[in-house]
Amino acid sequence: REDWAAATAALETEAGLELSTADRVSALKLLARIQLSKLGDPAAAEQAATHAAELHQEDFVARVLTASARLARGDAVRAAEALADAAERWPDAEGQTVILLHAAQLMERAGALAQSKSTYSRALELQPTLLAAQLGLIRAERGLGAPESAIVSLRAAAEGASVPVAEAL
């Protein structure tokens, strides 16, 4: 633990030096990883990761680190928001969809149904026949007290599904 504290101090110093943006971002991400996984300080990890993300707007890893730190702090909704933000930086639609699906599930479990509905919908924009996202959207609509929308979504899911799945729906 003492070695990790020393490494953290060195990285904090390095991040404050006159470095290129890329070097500062790298130092901040490493600092966030150490603070989160070795020192058990998710608040400090979130701060370092968020700063890295601010410095490099397209940095996927910084946003995932932010999500991890928020989740470790027990803030599932804000963790899911950071994860959804990270998804938008992933280079292909399939990967984005998987990440968005995880973010929507986190939001749903945390009771943020409006946000989960929006995130499931975004995943469906990328992969319209993804059954897990379709079912998540239906659950969110029901939970938000919109049974008519849930029925429409259920019918849409059944139309695009295989015969056995459509029959089950």
Side-chain angles (χ1 to χ4, degrees), residues 1-128 130-137 139-140 143-144:
R1 183 160 170 90
E2 192 173 298
D3 290 341
W4 291 117
T8 298
L11 285 167
E12 287 172 342
T13 300
E14 183 176 344
L17 298 175
E18 292 296 320
L19 302 170
S20 69
T21 300
D23 288 341
R24 181 170 286 115
V25 168
S26 292
L28 287 166
K29 290 189 300 188
L30 182 55
L31 176 62
R33 284 187 196 119
I34 292 170
Q35 289 168 326
L36 186 60
S37 65
K38 301 299 180 186
L39 298 178
D41 188 350
E46 180 181 355
Q47 183 177 17
T50 301
H51 189 203
E54 290 167 354
L55 290 173
H56 187 240
Q57 293 295 314
E58 295 305 310
D59 195 298
F60 171 81
V61 173
R63 281 158 178 78
V64 171
L65 285 167
T66 300
S68 296
R70 289 175 178 172
L71 199 54
R73 293 180 74 188
D75 192 347
V77 174
R78 289 185 62 233
E81 290 169 350
L83 197 55
D85 193 31
E88 298 302 329
R89 278 127 182 101
W90 193 256
D92 66 67
E94 187 175 337
Q96 285 179 342
T97 304
V98 170
I99 298 164
L100 286 168
L101 184 61
H102 286 294
Q105 290 167 339
L106 266 175
M107 290 171 183
E108 183 180 359
R109 283 194 299 269
L113 296 181
Q115 289 173 282
S116 72
K117 177 185 174 192
S118 175
T119 307
Y120 282 127
S121 295
R122 174 68 181 121
L124 288 168
E125 288 173 16
L126 297 170
Q127 287 190 359
L130 184 63
L131 185 60
Q134 290 170 328
L135 295 175
L137 178 63
R139 287 190 307 272
L144 289 167

Residue pairs passing the ring pair (Phe, Tyr, Trp, His ring centres under 6.0 Å) test where at least one lies in residues 23-49, sequence neighbours excluded: none
Partners passing side chain to side chain contact (heavy atoms under 4.5 Å, CB included) against A52 (at least two apart in sequence or in another chain): V25, L28, K29, A62
Sequence neighbours excluded, every pair satisfying salt bridge (charged side-chain N to carboxylate O under 4.0 Å, His left out) that has a member inside residues 15-25: none
Shortest non-hydrogen contact from A49 toward L65: CB-CB, 3.7 Å
Only pairs under 3.5 Å count here: list side-chain donor-acceptor contacts from residues 98-113, not counting sequence neighbours, and write none if there are none.
unit_1, atom_1, unit_2, atom_2, d
E108, OE1, Y120, OH, 2.5
E108, OE1, R139, NH2, 3.0
E108, OE2, R139, NE, 2.5

Residues that Q47 engages under side chain to side chain donor-acceptor pair (under 3.5 Å), provided they are two or more places apart: none
Salt bridge (Lys or Arg N to Asp or Glu O under 4.0 Å) against K117, all qualifying residues, sequence neighbours excluded: none
Contacts of S26 that satisfy side chain to side chain contact (heavy atoms under 4.5 Å, CB included) - sequence neighbours left out: none
Which residues share a salt bridge (Lys or Arg N to Asp or Glu O under 4.0 Å) with R122, sequence neighbours left out: E88, E125
Residues which pass side chain to side chain contact (heavy atoms under 4.5 Å, CB included) with Q134, listed by chain and number, not counting sequence neighbours: L124, L131, A157
Side-chain donor or acceptor of R63 paired with backbone N/O of E81 under 3.5 Å: no
Pairs where residues 27-63 contributes a residue and the test ring pair (Phe, Tyr, Trp, His ring centres under 6.0 Å) is met, not counting sequence neighbours: F60-W90
Side-chain donor or acceptor of R78 paired with backbone N/O of R70 under 3.5 Å: no
Partners passing salt bridge (Lys or Arg N to Asp or Glu O under 4.0 Å) against D41 (at least two apart in sequence or in another chain): none
Non-hydrogen side-chain atoms of R33 and V61 separated by less than 4.5 Å: yes
Approximate separation, where rounding is to 0.5 Å, of L126 CG and T97 OG1: 4.0 Å
Gap between atom CG of L39 and atom CH2 of W4 - 0.5 Å precision: 8.5 Å
Set of side chain to side chain donor-acceptor pair (under 3.5 Å) partners for R89, sequence neighbours left out: D85
CG-OG distance between L137 and S118, expressed to the nearest 0.5 angstrom: 10.0 Å
